[in-house]
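This report concerns only the one structure given below.
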There are 2 protein chains.
Amino acid sequence: MARQTQQRAAILKALVAADRPLSPGEILAHAQRLSPRLGIATVYRNVRRLVLDGELVEVQLPGAPPRYEVARKGHHHHFHCRICDRVFEVEGCPGPLTGLAPDGFFVEAHEIVLYGLCRECAA
Amino acid sequence: MARQTQQRAAILKALVAADRPLSPGEILAHAQRLSPRLGIATVYRNVRRLVLDGELVEVQLPGAPPRYEVARKGHHHHFHCRICDRVFEVEGCPGPLTGLAPDGFFVEAHEIVLYGLCRECAA
DNA sequence: GCAACATCAAGAATGAATTCTCATTAACGA
DNA sequence: TCGTTAATGAGAATTCATTCTTGATGTTGC
């Protein structure tokens with residue numbers, strides 16, 4: 001059976017504390033504050049399992065490696081800062097957008113990504 | 001100076017004829033109809049130069065390799081068919097979406113991707 | 001507490017996309 | 001047409017994210 005290890009706890013805590021999607025490298029950096037000897041392979045192993053277990057969801061953004069965020073957050077979108085490369089969550093949504101597709105196309109989902117400067121980089 | 005080769009012409013014609021963003025592999029397959037001995041390295045070489053020359057633009061979509069489309073098409077978005085994996089252009093746009101970002105964030109651009117079934121795969 | 005064994009850390013290995021190498025081909029100015 | 005040389009084709013090499021391997025470690029059931 002699965003064991004509750006310090007490393008997995010550190011990985012989950014890092015994602016909960018960040019409250020934004022993190023890449024494997026970011027997860028490593030954040031979680032190492034709690035578990036200093038943590039290695040990147042352990043991040044990948046645990047992230048894979050946490051996604052399978054439904055605790056994390058993968059967030060794919062254009063031209064960027066996969067990021068991961070805690071599951072059950074409801075429908076939302078993302079903001080990608082072009083300076084610091086961090087990704088943030090964005091609350092609203094302009095609607096289902098089914099009207100944009102050409103006739104005969106069937107829209108099942110949509111993704112919106114905003115680009116620009118985050119609060120810190122805009123200051 | 002740059003030469004006008006059959007291969008480069010075939011690559012551009014393939015992209016113009018397709019009227020949708022193509023991946024390097026798709027460009028190879030389409031352009032080989034016009035230039036059968038075309039190789040993948042030549043596709044990458046020419047695509048890189050055509051992007052630098054401003055004739056093509058790179059289209060990045062979530063979780064997908066880069067695709068390329070002819071430049072100067074105006075603001076538009078994309079539809080990614082989950083069955084055939086082809087990407088199509090979509091005309092409209094719901095607006096600048098600057099209101100979605102949190103306070104203090106500065107929105108410079110946005111990308112919208114629709115997912116579902118294209119006309120052929122929905123039939 | 002202790003033994004069994006799931007998990008770990010570190011580095012090697014993998015895989016896929018992209019780029020490089022180099023002998024050959026072909027574009028184009030004279 | 002011809003010579004120069006940019007561009008090509010094919011396969012090797014590279015890159016980088018991710019996964020595997022190994023011996024060591026730490027968690028859990030008893």
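Bear in mind that the values here come from a model prediction, so they are computed numbers and not experimental data. Numbered from 1 within each chain, the chains take letters A, B, ... in sequence-line order. Worth knowing before you read on, the calculation uses all heavy atoms, side chains too, and leaves out hydrogens, waters and symmetry mates.
Projected onto DNA chain C by closest heavy-atom contact, B:R48 and B:A2 fall at different nucleotides, the more 5' of which corresponds to B:R48. Sequence order on DNA chain C of the closest nucleotides to B:Y44 and B:Q6 puts B:Y44 first from the 5' end.
Under the 30°/60° scheme for interplanar angles, the aromatic rings of B:F105 and A:F79 are found to stand perpendicular.
Nucleic acid contact class of A:I40 (heavy atoms, under 4.0 Å, all strands): none. Residue contacts for B:P66: at a heavy-atom cut-off of 4.0 Å it reaches the sugar-phosphate backbone alone, with no base atom in range. Counting non-hydrogen atoms under 4.0 angstrom, B:R3 reaches a base of the nucleic acid.
Judged by distance alone with a 3.5 Å cut-off, a donor-acceptor contact links the side chain of A:R45 to the base of C:dA9.
For A:T42 and C:dT7, the shortest distance from a side-chain N or O to OP1 or OP2 is not below 4.0 Å. For A:Q4 and D:dG26, the shortest distance from a side-chain N or O to OP1 or OP2 is not below 4.0 Å.
Between the CZ atom of A:R49 and the P atom of C:dA6 there is a distance of 10 Å, rounded to whole Å.
Salt bridge status for B:E55 with B:R8: absent, with no side-chain N to carboxylate O gap under 4.0 Å.
Side chains of A:L97 and A:I112 form a contact here, defined as non-hydrogen atoms less than 4.5 Å apart.
For B:R45, there are no salt bridge (Lys or Arg N to Asp or Glu O under 4.0 Å) partners at least two apart in sequence or on another chain.
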